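What follows is a single structure, written as structure tokens, with notes after it.
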Amino acid sequence: MFLFSCSEPHKPSVNKADAQVMGELPNFAAIEEVGEKKTQFFDYLRVGIDLENQRIEQERTELSAMRQQLADGALSNPQLNKLAELAERYKVSIDQEQVNIAVIDELLNRVNVIPPALVLVQAANESAWGTSRFATEGNNLFGQWCYREGCGLVPLSRVEGMTHEVAKFDSVQHSIHAYFMNINTNRAYRAVREQRDQLVDAGDDLLGIEAAEAMSLGLRSYSERGEEYVLELQTMMRHNSRYL
């Protein structure tokens, strides 16, 4: 399960148009042929994943321009305002009176794409290919938890004394967005971001399956199964490579 706090949500950056692009979650349980179910599931989600990565690439372009501008002099007021907005969204502390390149580099560590193959197999794993109760009733394809009463669906198998719920989202796009923001900001996934930085330094393709496998190594904290969970994701990528 993926920990996500609905009591202090990220600043929304999913506009109404994007949320409507994907439409309602299809009835994947009604698709009997396994290969067809996988094809339709991945094709459906790929649209929302691409939207998130496009948003991030735009933010990263803006940050890179700020970094260059700061190296040459000072940021403009509009740039400072945009920097403050991104810092708040990505949970980076910033003092607008003392902006430096280190702050922008910390943001660049967080503001970067996630390989579609990694997102797709996690969604398939966590939502049973879009058929789980949490997917069909809450648009939650990533097993994301929340802790405010009424923020989601109460797991039927919740251990006595536990208070978490499985988050409900207004749309599948909101669920994808929450997944991206948590991978890119949560301290538990610092290793994912560090692995991604190594790929950037090596000039590797961040959107390929090889990058997805490499970054999956940082997801041991995503599940209580730890290393077993990571190996399961990597096996799924290899087994489903024809669909990815």
Side-chain angles (χ1 to χ4, degrees), residues 1-10 12 14 18-49 51-52 114 116-183 186 188-189 216 219-226 228-233 235-237 239-240 243-244:
M1 286 293 186
F2 185 41
L3 306 185
F4 170 74
S5 174
C6 277
S7 59
E8 296 181 10
H10 290 288
V14 177
D18 284 351
Q20 292 176 340
V21 165
M22 298 179 66
E24 295 184 1
L25 187 73
N27 181 11
F28 292 111
I31 305 174
E32 296 183 359
E33 203 281 311
V34 174
E36 181 63 21
K37 178 184 292 186
K38 291 180 176 181
T39 297
Q40 290 197 28
F41 180 78
F42 284 156
D43 286 350
Y44 170 75
L45 281 186
R46 209 181 309 274
V47 175
I49 294 168
L51 283 173
E52 281 298 306
I114 300 177
L118 181 57
V119 188
L120 290 169
V121 296
Q122 282 204 266
N125 185 289
E126 296 288 343
S127 72
W129 296 93
T131 65
S132 71
R133 170 190 169 216
F134 305 123
T136 58
E137 295 182 22
N139 288 318
N140 188 335
L141 276 75
F142 299 95
Q144 299 164 107
W145 287 8
C146 55
Y147 296 92
R148 175 173 47 80
E149 185 176 358
C151 64
L153 302 167
V154 177
L156 300 178
S157 59
R158 187 172 71 179
V159 176
E160 184 177 355
M162 297 288 284
T163 61
H164 71 276
E165 299 180 15
V166 178
K168 290 183 68 174
F169 296 97
D170 292 338
S171 69
V172 173
Q173 190 66 49
H174 281 85
S175 176
I176 295 172
H177 174 70
Y179 165 87
F180 269 73
M181 294 305 295
N182 277 274
I183 292 295
N186 197 314
Y189 310 117
S216 71
L219 289 171
R220 293 179 180 86
S221 297
Y222 201 101
S223 167
E224 61 184 9
R225 291 185 291 132
E228 181 184 345
Y229 177 76
V230 170
L231 291 174
E232 184 172 286
L233 292 178
T235 298
M236 287 182 69
M237 287 184 219
H239 184 71
N240 294 286
Y243 305 105
L244 296 169

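Heavy-atom basis, side chains included; hydrogens, waters and symmetry copies ignored. Everything quoted here is computed from the prediction, not taken from an experiment.
Side chain of Ser132 to backbone of Ala128: no donor-acceptor contact under 3.5 angstrom is found.
Ring geometry for Phe28 versus Tyr44: interplanar angle over 60°, hence perpendicular rather than tilted (30 to 60°).
Between Gln173 and Asn139 the shortest side-chain heavy-atom distance does not fall below 4.5 Å. In this structure, Phe142 and Phe169 have side chains that are not in contact, with every pair of non-hydrogen atoms separated by 4.5 Å or more. Ser171 places none of its side-chain heavy atoms less than 4.5 Å from the side chain of Met22. The shortest side-chain heavy-atom distance between Leu219 and Leu118 falls under the 4.5 Å cut-off. Two residues are said to be in side-chain contact when any heavy atoms from C-beta on lie closer than 4.5 Å; Asn125 and Gln122 fail this criterion. Two residues are said to be in side-chain contact when any heavy atoms from C-beta on lie closer than 4.5 Å; Glu232 and Ser223 fail this criterion.
Nearest heavy-atom pair across Arg46 and Leu244 is NH1-O, 3.3 Å. Across all non-hydrogen atoms, the minimal contact from Glu137 to Lys168 is O-CE, 3.6 Å. When all heavy atoms of Tyr189 and Ser221 are compared, the pair lying nearest together is OH-O, 4.0 Å. In plain terms, the two heavy atoms of Thr136 and Gly130 that are nearest each other are CG2-O, 3.8 Å.
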*Show the numbers, then the answer: is there a side chain to side chain contact (heavy atoms under 4.5 Å, CB included) between Asn140 and Glu126?*
CA-CA 9 Å; Asn140 188 335; Glu126 296 288 343; over 6 Å; no
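Rounding to the nearest 0.5 angstrom, the gap separating the CD1 atom in Ile114 from the CZ atom in Phe180 is 4.5 Å. Of the inter-residue distances, the one linking Ile176 atom CD1 with Ile49 atom CD1 reads 5.5 Å to the nearest 0.5 angstrom. A distance of 9.5 Å separates CG of Leu25 from OG of Ser175, quoted to the nearest 0.5 Å.
Between Phe41 and Trp129, the distance separating the two ring centers is shorter than 6.0 angstrom.
Within 6.0 Å of CD in Glu33 there are more than 12 heavy atoms belonging to other residues, nucleotides or ligands.
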